[in-house]
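Beneath this line is the structure, given in structure tokens, with notes to follow.
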Amino acid sequence: MQTVRTPEARFAGLPGYDFSPNFVDIDGMRMHYIDEGPCDTAPILLLHGEPSWSYLYRKMIPPLAAAGHRVIAPDLIGFGRSDKPVLRRDYSYTAHVDWMTRFVEALDLNDITLFCQDWGSLIGLRVAAENEQRFARIALGNGALPTGDQAMPRAFRIWRAFARWSPWFPIGRIVDSGTIGKLPEDVIAAYDAPFPSRRYKAGARAFPRLVPATPDDPAREPNRAAWRTLEKWEKPFLTTFSNRDPVTRGLDKPFRQRVPGARRCEHVTIRNAGHFLQEDKGEELAEVLINFVATT
């Protein structure tokens with residue numbers, strides 16, 4: 001598998017992102033993660049989605065760490081400071097789940113509080129369901145666990161076609177389009193930083209087509225198995241969705257209806273936030289997580 005590594009100079013001086021880098025080897029690839037806060041406390045694992053990277057969590061990490069939590073925010077393979085296979089065919093849903101499972105094992109994380117959004121939820125919910133003993137609680141924001149049995153919203157179908165066919169794939173502008181507030185130019189540039197050319201964008205381009213959208217999708221059965229585990233999940237499970245995301249609007253309801261732990265946690269709506277609620281309301285979302293951990 002051929003990979004590329006974004007030059008470290010691309011990450012110098014990014015606004016609001018002065019965290020020390022950490023790296024672990026996953027299948028011969030370097031995977032980057034942020035690790036802040038006291039190392040002897042139970043971890044909060046923050047999983048980003050598409051086409052962002054751990055920069056998305058820069059507003060949340062400091063308050064979570066200040067509250068006494070160990071905060072871990074990895075860059076998925078293909079994103080951020082992590083290595084990037086250059087061919088789209090080298091990415092699969094199964095591979096991403098395997099890579100994240102190996103990351104959790106490599107750091108020997110236990111008693112995990114998971115927060116996941118977008119593709120972070122497709123990966124994170126699978127990892128949690130398949131390694132239930134390592135996870136203490138789950139918080140889900142603007143995410144889902146599709147099995148191919150549900151009709152996909154029009155906004156997603158448009159996005160999938162754009163990712164596949166558009167010759168122009170501006171990562172920072174895409175993130176900006178998923179927020180309510182207009183992002184400053186230096187923040188848009190920071191989202192672009194890991195992707196200096198199209199050769200670095202195969203992972204971001206691949207994700208939309210990997211979402212299980214048809215009944216014959218190869219991820220259908222593993223995701224159904226994960227749902228069966230979640231339908232018995234008695235541990236705390238919080239849904240915290242924004243009110244202005246056309247892609248995931250209403251997708252909290254299946255979790256609130258089917259997951260026992262979610263029925264015992266009051267749903268939290270993050271108002272005036274778009275798809276990337278971490279960007280629009282990061283500090284508010286951090287307080288929601290702090291309260292979630294403290295009260296469960």
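- Contact of the R220 side chain with the D149 side chain is registered, since non-hydrogen atoms from C-beta on lie closer than 4.5 Å.
- Among all heavy-atom pairs drawn from W99 and D90, the shortest one is CH2-O, 3.9 Å.
- Not counting sequence neighbours, the partners of Y93 by the side-chain hydrogen bond (donor to acceptor under 3.5 Å, both in side chains) test are N223.
- Side-chain atoms of T101 never come within 3.5 Å of backbone atoms of V127 as a donor-acceptor pair (strictly under, hydrogens ignored).
- Between R58 and D18 there is no salt bridge, since none of the side-chain N atoms of the basic residue sits less than 4.0 Å from a carboxylate O of the acidic one.
- Nearest heavy-atom pair, P51 versus I171, reported as atom, atom and distance to 0.1 Å: O-CG2, 3.3 Å.
- The side-chain hydrogen bond (donor to acceptor under 3.5 Å, both in side chains) pairs that include a residue from residues 80-89 are R5-D83, T6-K84, E8-R81, where partners are two or more places apart or lie in different chains.
- A side-chain donor-acceptor contact under 3.5 Å links S166 to the backbone of W168.
- Side-chain contact check for Q2 versus L87: every heavy-atom pair is 4.5 Å or farther apart.
- Residues C265 and F237 form no side-chain contact, since every pair of their non-hydrogen atoms from C-beta on lies 4.5 Å or further apart.
- Relative to the six-membered ring of F23, R30 meets both conditions, a distance below 6.0 Å and an angle of at most 45° to the axis.
- Y17 places no side-chain N or O within 3.5 Å of a backbone atom of Y57 that could act as its donor or acceptor partner.
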*Report the C-alpha distance between N142 and S242 in whole Å, list the side-chain angles of each, state the deciding distance to 0.1 Å, and finish with yes or no for side chain to side chain donor-acceptor pair (under 3.5 Å).*
CA-CA 7 Å; N142 288 2; S242 66; 3.0 Å; yes
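- Put simply, the side chain of N272 never gets that close to the backbone of K281: no donor and acceptor are under 3.5 Å apart.
- A heavy-atom distance below 4.5 Å is found between the side chains of L64 and I290.
- Contact of the P196 side chain with the R10 side chain is registered, since non-hydrogen atoms from C-beta on lie closer than 4.5 Å.
- Evaluation of the salt bridge (Lys or Arg N to Asp or Glu O under 4.0 Å) test over residues 225-241, restricted to residues two or more places apart or in two chains, returns E231-R258, E234-R264.
- Screening W119, F11, Y200 for a ring-ring contact (aromatic ring centres under 6.0 Å, His included) with W53, the sole residue that qualifies is F11.
- Residues meeting the side-chain hydrogen bond (donor to acceptor under 3.5 Å, both in side chains) test with D75, sequence neighbours left out: H32, S54.
- A ring pair (Phe, Tyr, Trp, His ring centres under 6.0 Å) check over residues 274-296, counting only residues at least two apart or in different chains, returns nothing.
- Judged purely by atom type and a 3.5 angstrom limit, D280 uses its side chain to pair as donor or acceptor with the backbone of G181.
- Using modelled atom types, one side-chain atom of Y55 and one backbone atom of P15 make a donor-acceptor pair closer than 3.5 Å.
- The ring-ring contact (aromatic ring centres under 6.0 Å, His included) check on F115 picks up nothing, with sequence neighbours excluded.
- Residue pairs that meet the side-chain hydrogen bond (donor to acceptor under 3.5 Å, both in side chains) test with at least one member in residues 33-43, sequence neighbours left out, are D35-R70.
- Every pair passing salt bridge (Lys or Arg N to Asp or Glu O under 4.0 Å) that includes a residue from residues 98-107 is listed here, sequence neighbours excluded: D27-R102.
- Taking both residues in full, the closest heavy atoms of T147 and P212 are given as C-CB, 4.2 Å, listed atom of the first, atom of the second, then distance.
- Proximity of L46 to I61: side-chain heavy atoms (C-beta onward) are separated by under 4.5 Å at one or more points.
- K59 is linked by a side-chain hydrogen bond (donor to acceptor under 3.5 Å, both in side chains) to E279, counting only residues two or more places apart in sequence or in another chain.
- Using a 4.5 Å cut-off on side-chain heavy atoms (C-beta onward), C116 and I123 make no contact.
- Counting only residues at least two apart or in different chains, salt bridge (Lys or Arg N to Asp or Glu O under 4.0 Å) contacts with residues 174-184 comprise D176-K182.
- Aromatic ring orientation, F241 versus H267: tilted (interplanar angle from 30° to 60°).
- Taking the side chain as every heavy atom from C-beta outward, P74 and M31 approach each other to under 4.5 Å.
- Considering all non-hydrogen atoms of both residues, M29 and P85 come closest at SD-CG, 3.9 Å.
- Checked by atom type and distance alone, the side chain of T248 never pairs as donor or acceptor with a backbone atom of G143 at under 3.5 Å.
- Listed here is the closest heavy atom pair of V247 and A155: CG2-CB, 4.2 Å.
- Residues satisfying the side-chain hydrogen bond (donor to acceptor under 3.5 Å, both in side chains) test with T296, not counting sequence neighbours, are R137.
- Residue pairs meeting the salt bridge (Lys or Arg N to Asp or Glu O under 4.0 Å) criterion with at least one member in residues 184-199, sequence neighbours excluded, are R173-E185.
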